[in-house]
2 protein chains.
Amino acid sequence: MASPPDTQDETFTDRQQAVLDAVLALMVEQGGELTMNAVARRASCSKESLYKWFGDREGLLTATVRWQASKVRTGNYDRTKLDALALRDSLIRFAANWLGVISSPTSIALNRFAIAQAGGGAPGGGLGAIMLANGRFAIGARLKPVLDAGRDAGLIAFDDTETAFRSFIGLVGRDVQIRLLLGDTLRLTPAEIEADAARATDQFLTLYGTANPVPGLPKTNA
Amino acid sequence: MASPPDTQDETFTDRQQAVLDAVLALMVEQGGELTMNAVARRASCSKESLYKWFGDREGLLTATVRWQASKVRTGNYDRTKLDALALRDSLIRFAANWLGVISSPTSIALNRFAIAQAGGGAPGGGLGAIMLANGRFAIGARLKPVLDAGRDAGLIAFDDTETAFRSFIGLVGRDVQIRLLLGDTLRLTPAEIEADAARATDQFLTLYGTANPVPGLPKTNA
DNA sequence: AAAGGTCCGTACCGTACGTTACGGTTCTCC
DNA sequence: GGAGAACCGTAACGTACGGTACGGACCTTT
């Protein structure tokens with residue numbers, strides 16, 4: 001549980017990466033009906049090669065999740081020196097980036113697969129654990145240094161970084177992810193994402209800021 | 001989309017209700033592997049009866065979701081007269097009730113099915129839409145009168161009830177639902193649920209309250 | 001008590017899909 | 001240029017499962 005975010009960078013050949021991209025495309029387009037035949041047809045490869053490279057269907061799905069996770073990984077947001085505006089900017093960029101990821105069709109399709117499979121037999125080694133490690137826990141590990149730096153700079157105050165972090169992503173994500181996963185036709189334009197990120201960040205700073213963290217920005221009761 | 005929360009109370013016979021409860025039990029226990037044979041065995045009925053009563057597998061799943069939704073529906077929380085303490089109490093009870101629902105094994109299993117099926121062919125008539133109507137949108141319809149009453153009483157202030165509601169459930173739920181759906185071993189004891197409900201409510205009142213809404217309760221930076 | 005209906009248990013059918021096997025083609029290396 | 005490997009396309013196999021059919025038991029009605 002809560003294993004390190006999959007540091008074993010499994011390297012795939014270009015051909016294999018193309019196959020995995022085909023799997024992702026199929027997941028996005030066709031949804032839950034993903035057969036080995038369809039993958040082989042889409043990727044123009046033989047089923048024999050699929051089984052040779054990935055073992056079985058489970059291995060193919062696992063490799064796909066890891067492959068996508070390796071593509072999503074972005075730079076860290078921590079910086080050594082922070083003032084109120086820089087902290088706010090870091091949080092907003094973080095929130096906007098995360099909202100963009102969780103509302104992307106690829107992320108939705110992948111989470112659907114992981115969730116569908118999380119109910120089944122293997123509770124530990126399933127796709128759900130990989131998604132958690134590379135999604136929820138990975139972004140926590142990336143954001144917490146920012147929060148701690150903000151606290152060290154006296155800009156925000158909290159006892160438990162984890163609790164503060166969870167409040168932040170609650171304010172940012174709200175019900176977006178579950179609605180999208182359930183098929184709600186919710187469109188998030190880049191402008192809406194930016195606005196939501198700013199609103200959530202200001203709400204977070206209202207809750208956890210030590211003083212008027214953002215002068216000129218009154219309480220956002222929008 | 002956003003259809004009314006399924007007012008057509010489909011009535012099932014006792015035998016059929018027992019079958020649907022068996023389906024729920026199987027969903028919770030076995031997870032994603034739900035076959036008609038398993039249902040017939042578990043419910044001690046013939047497959048012929050299953051198809052006679054529910055049409056096909058899809059109909060059985062749909063009936064199960066509706067049946068569970070009809071069991072979860074609870075009383076409304078609105079009241080005509082509100083002071084600050086009564087509003088806070090209503091919100092806390094609401095939050096605690098909702099947290100208890102979304103963290104229950106039945107809700108998790110059902111959401112897994114609906115999400116897995118939401119990726120497939122039928123985007124509108126699937127289980128996801130039913131879950132949304134009876135889950136997310138139903139609780140919104142039940143809580144919004146409380147929020148509006150609080151605003152009318154001058155206790156809280158916001159422009160859009162929907163936005164305020166979404167901030168509230170974001171603070172309450174945070175990442176609980178997605179983590180549980182992905183198989184995270186997250187245990188919410190009743191005490192934790194109550195504490196989370198109170199924390200989220202006080203944070204919400206800090207954000208949207210017009211004045212010191214809860215005297216004696218400082219900003220909860222826990 | 002006979003008739004009809006409902007339902008259980010089981011067997012059966014057709015299909016879909018995961019997995020394996022095989023022939024033919026292309027590429028690499030010596 | 002020839003040997004071998006890697007790989008593509010397709011066919012074949014076994015199983016699982018959704019859906020249907022049938023015989024027998026129980027219960028109700030007249």
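Naming convention: chains lettered A, B, ... in sequence-line order (proteins, then strands); numbering from 1 in each chain. Fair warning: this is a prediction, and the values are worked out from it, not measured in the lab.
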side-chain hydrogen bond (donor to acceptor under 3.5 Å, both in side chains) involving A:W67 - partner list, sequence neighbours excluded: A:D21
When every nucleotide of nucleotides 6-19 of chain C is labelled 5' to 3' by its protein contacts under 4.0 Å (heavy atoms), B for base, S for sugar-phosphate only, - for none, what sequence of letters results? -SBB-B-----SSB
Would you please name every residue forming a salt bridge (Lys or Arg N to Asp or Glu O under 4.0 Å) with B:R151, sequence neighbours left out? B:D148
Who are the ring-ring contact (aromatic ring centres under 6.0 Å, His included) partners of A:F168, not counting sequence neighbours? A:F204
Quick one: salt bridge (Lys or Arg N to Asp or Glu O under 4.0 Å) partners of A:E192, sequence neighbours excluded? none
Taking side-chain hydrogen bond (donor to acceptor under 3.5 Å, both in side chains) as the test, write out the residues that go with B:R179, two or more places apart. B:D175, B:D184
